[in-house]
There are 2 protein chains.
Amino acid sequence: MSPRPYHSGKRQAAADETRQRILAAARTLLSGASAHQVSVDAVAKAADVSRQTVYNAFGSKSGLLEALFDTLAARAGMDVQEAFAAPDAATALTRFTEAFCRFWDSDRTVIRRLRGMAVLDRDLDRLLRERDEMRRSALTELLRRFTDAPEPETVDIIWQLTGFEAYDALAGRDTPRAHAEATRTVTAAVTVLYDAATAGGSTPRTRR
Amino acid sequence: MSPRPYHSGKRQAAADETRQRILAAARTLLSGASAHQVSVDAVAKAADVSRQTVYNAFGSKSGLLEALFDTLAARAGMDVQEAFAAPDAATALTRFTEAFCRFWDSDRTVIRRLRGMAVLDRDLDRLLRERDEMRRSALTELLRRFTDAPEPETVDIIWQLTGFEAYDALAGRDTPRAHAEATRTVTAAVTVLYDAATAGGSTPRTRR
DNA sequence: AAATCATTAGACAGACAGTAAATCCAAAAA
DNA sequence: TTTTTGGATTTACTGTCTGTCTAATGATTT
């Protein structure tokens, strides 16, 4: 699995493996239907590990949730890199949007719950805001490649439309619309807004 | 204030007043900056009332939060009624959208926190879903007045765009965009989608 | 004057986050 | 082999929060 051998031998490897097992257990519990109130104790039991081990590995419940989110986000990061290699703005924007739609969809329930928990968890809230800011920076840089001066408003709107809430809302809850359809809708909106912003007017205008 | 006198005299009136005071205290606490972990005890203290009184009045913490949301939503209900009196579809949709944007904006922080708490609170979650469904029904009925057969997809998309998450995302968090601007953006998107859906194509299409 | 009822204070059980100390055991180092 | 190290476990404790119960108070209602 891992490309380089652990420098400290089996012991470190075993520790890393329990860490992964705990993360996997947390992910499973959070994606389950009865995920209301996921306690550290429940995660520990699911990972077949003592509660203390969870604290040894992640410090706190917040730390565990933060690590879980970053684990999920790791894959998405690579996809975004590819968007920068696009030949033109439209393609780059589309790839960028699709990368995030794919990410949001990959663990939709887990991400939704993590974002909900962030409302009551200062640390987790800070991390998610940081990650959202990273998306904004990436978007700003991406637009700067093709546009002279990307206006803050344009960046803001596209930033929000490529966020989790927008995707989650468009993909539906109880009656889930297909991933492809939601992605298409978001992409279309992003494209329209970008066109409107670059073609003369600075802000998307309301009809009439 | 209230049009009809309480049939049970002062005692009932006093009880109703404490109920209101508790709701007001909860609203204040939830809208405050340090609203992480709002306990029943904190609400009781803020309302200058014993903890038990809160349970007498609302049954549980969930009951209190549900009552709070419905209190906030009460005003919005009337605005939606007016949308039905519009002369044409475009006006009706605009009024409908604006009514909800106004509502979402009226207590944005409180609503955001309530929706976050709903992730961990089955009862509150059920209530919010019910209210969201009511918005969907209202929208379906509204479209039925002007269109022969409003397609489910069209209703779904407009429904999601008039939801809290979409407004909250577009109005921004740390750097809040003006209410008017966010409302304009949502309204424009709704209008565009409705036009696209009624003019031939059944689904909004992606460019190219 | 007597019954009613909202309210209060205080105690209690149960769930959960987080901390601390003693112990076990396999892997690393001597 | 023997010793040391460090991850994991067990147990127990503190503190917070929800929810329930009981006894008492005091104003309103009858």
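Just so we're on the same page: letters track the sequence lines, and every chain starts at 1.
We find that CG of A:L64 is positioned 15 Å from P of C:dC16, with the value rounded to whole Å. The nearest whole Å value for the distance from the OH atom in A:Y55 to the P atom in D:dG7 is 19 Å. Distance CZ (A:R21) to P (D:dG7): 15 Å, rounded to an integer number of Å. Note: CG (A:D41) to P (C:dG14) measures 16 Å, nearest angstrom. A straight line from NZ of A:K61 to P of C:dA15 spans 15 Å, rounded to a whole angstrom. Per the geometry, CG belonging to B:D48 stands 8 Å off P belonging to C:dT8, to the nearest Å. B:L120 has its CG atom 14 Å from the C1' atom of D:dC17, to the nearest Å. For the pair A:Q37 CD and D:dC17 P, the interatomic distance rounds to 17 Å; values are reported in whole Å.
Of the charged side-chain nitrogens involved, at least one lies within less than 4.0 Å of a carboxylate oxygen, so that A:D125 and A:R129 count as a salt-bridged pair. A salt bridge links A:R21 with A:E17: the distance from a Lys NZ or Arg NE/NH1/NH2 to an Asp or Glu carboxylate oxygen falls below 4.0 Å.
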Just distance, no hydrogens or angles: give the donor-acceptor pairs under 3.5 Å from side chains in residues 50-57 of chain A, sequence neighbours left out.
residue : atom : partner : partner atom : Å
A:S50   : OG   : A:T53   : N            : 3.3
A:S50   : OG   : A:T53   : OG1          : 3.0

What side-chain donor-acceptor pairs closer than 3.5 Å can you find for residues 40-47 of chain B, not counting sequence neighbours?
residue : atom : partner : partner atom : Å
B:D41   : OD2  : B:K45   : NZ           : 2.8

For residues 89-96 of chain B, which side-chain N or O atoms pair as donor and acceptor with protein atoms under 3.5 Å away, sequence neighbours left out?
residue : atom : partner : partner atom : Å
B:T91   : OG1  : B:D88   : OD1          : 2.6
B:T91   : OG1  : B:D88   : OD2          : 3.4
B:T94   : OG1  : B:A90   : O            : 2.8

Table of protein N/O atoms under 3.5 Å from nucleotides 11-13 of chain C N/O atoms:
none

Check nucleotides 3-7 of chain C for protein N or O atoms closer than 3.5 Å to its own N or O atoms and list the pairs.
residue : atom : partner : partner atom : Å
C:dT4   : O2   : B:R11   : NH1          : 2.8
C:dT4   : O2   : B:R11   : NH2          : 3.3
C:dT7   : OP1  : B:T18   : OG1          : 2.5

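Residues that satisfy the salt bridge (charged side-chain N to carboxylate O under 4.0 Å, His left out) test with A:R144, not counting sequence neighbours, are absent from this structure. Partners of A:F146 by ring-ring contact (aromatic ring centres under 6.0 Å, His included), not counting sequence neighbours: none found.
The salt bridge (charged side-chain N to carboxylate O under 4.0 Å, His left out) contacts involving residues 52-62 of chain A comprise nothing, where partners must be two or more places apart or lie in separate chains. Residue pairs satisfying the side chain to side chain donor-acceptor pair (under 3.5 Å) criterion with at least one member in residues 22-33 of chain B, sequence neighbours excluded, are listed as follows: B:R27-B:D107.
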